[in-house]
Amino acid sequence: MRGKLSVIGLGPGFEDFIIPAARNSLEEADIIVGYHKYLKLIENLIPGKRKQGTGMHKETERARIAIEQAGQGNKVCLVSSGDAGIYGMAGLVLELLSREESVVIDLDIVPGITAALSCAALLGAPLMHDFAVISLSDLLTEGDQIRKRLALAAEGDFVTVLYNPKSSKRTVLLEEARDIFLEKREENTPVGIVRNAYRDTSSVVISTLMKLPALYDQIDMTTTLVMGNSRTFQWGKFMITPRGYNLA
Ligand code: SAH
């Protein structure tokens, strides 16, 4: 029998935010493959299922295991956090499959709620106008490329969502990102900082470009930042980017 590989996004981490189509894929699957931490997060949704977890930075191994299992006729579900096609597993699976034409499987990519969207909802409505998404991780992207994209997003007045803002080994790119934005935007531009959105220890803070350094020690790899554009403002616990309606 021909195997099937479903690549799904689990959303931000709380089961209500996993879309029904992704849940169906989890239920249908013979084997669930993913990063240990994410398999743990959905443990109660997949009781008794065969699971194959791998560690951090083992994305290629995970994708190969999933493809191999599907190639053997199994129904496999490969999980990413958020959306699998945004800094997730979907692209890697397709890249590998495009090189191995002997593998014949059914493939299904199921969308998920990416961090930009879950974090924006917790902040109010910061993404009401054009926005850019930039990852500060320099593991697979040159630092200069990241700095260039930051500068151009700042120049273009895009609301800018920063994924992977800081790790224990990499802290300086976040400081550089702030400096780059301060060259183009006011000091009081709102910056939303959402940590662990829709998980137990979630926190939501609205600060400004100027005051951001005071919060550096609260920012880690489970945090997403939303830098406002030149018109974004704060209203109480909300961050709002006007769409441009004339409200006079
Ligand atoms: N595929 C994922 C992104 C993986 S990259 C997605 O679509 O959301 C990992 C980065 O995503 C983290 O460093 C963080 O910036 C962001 N992220 C993922 N889950 C998050 C959550 N629950 N709360 C805040 N940020 C999150």
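Counting starts at 1 for both ligands and their atoms, following the listed order. Model, not experiment: these values are computed from the prediction.
- Screening residues 12-34 for side chain to side chain donor-acceptor pair (under 3.5 Å), with sequence neighbours left out, gives Glu15-Asn44.
- Side chain of Thr241 to backbone of Leu127: no donor-acceptor contact under 3.5 angstrom is found.
- Every pair tested for salt bridge (charged side-chain N to carboxylate O under 4.0 Å, His left out) that includes a residue from residues 36-58 fails, sequence neighbours excluded, so the list is empty.
- For ligand 1, residues of the protein lying within 4.0 angstrom by heavy-atom distance are Pro12, Ser81, Gly82, Asp83, Ile86, Tyr87, Thr114, Ala115, Cys119, Tyr163, Asn164, Pro165, Val194, Asn196, Ala197, Arg199, Met221, Thr222, Thr223, Thr224.
- No donor-acceptor contact under 3.5 angstrom links the side chains of Ser202 and Asn196, judged on distance only.
- Considering only residues two or more places apart in sequence or on other chains, Ile86 meets the side chain to side chain contact (heavy atoms under 4.5 Å, CB included) condition with Asp83, Thr114, Tyr163.
- Residues Val110 and Val7 have side chains not in contact (no heavy-atom distance under 4.5 Å, counting atoms from C-beta outward).
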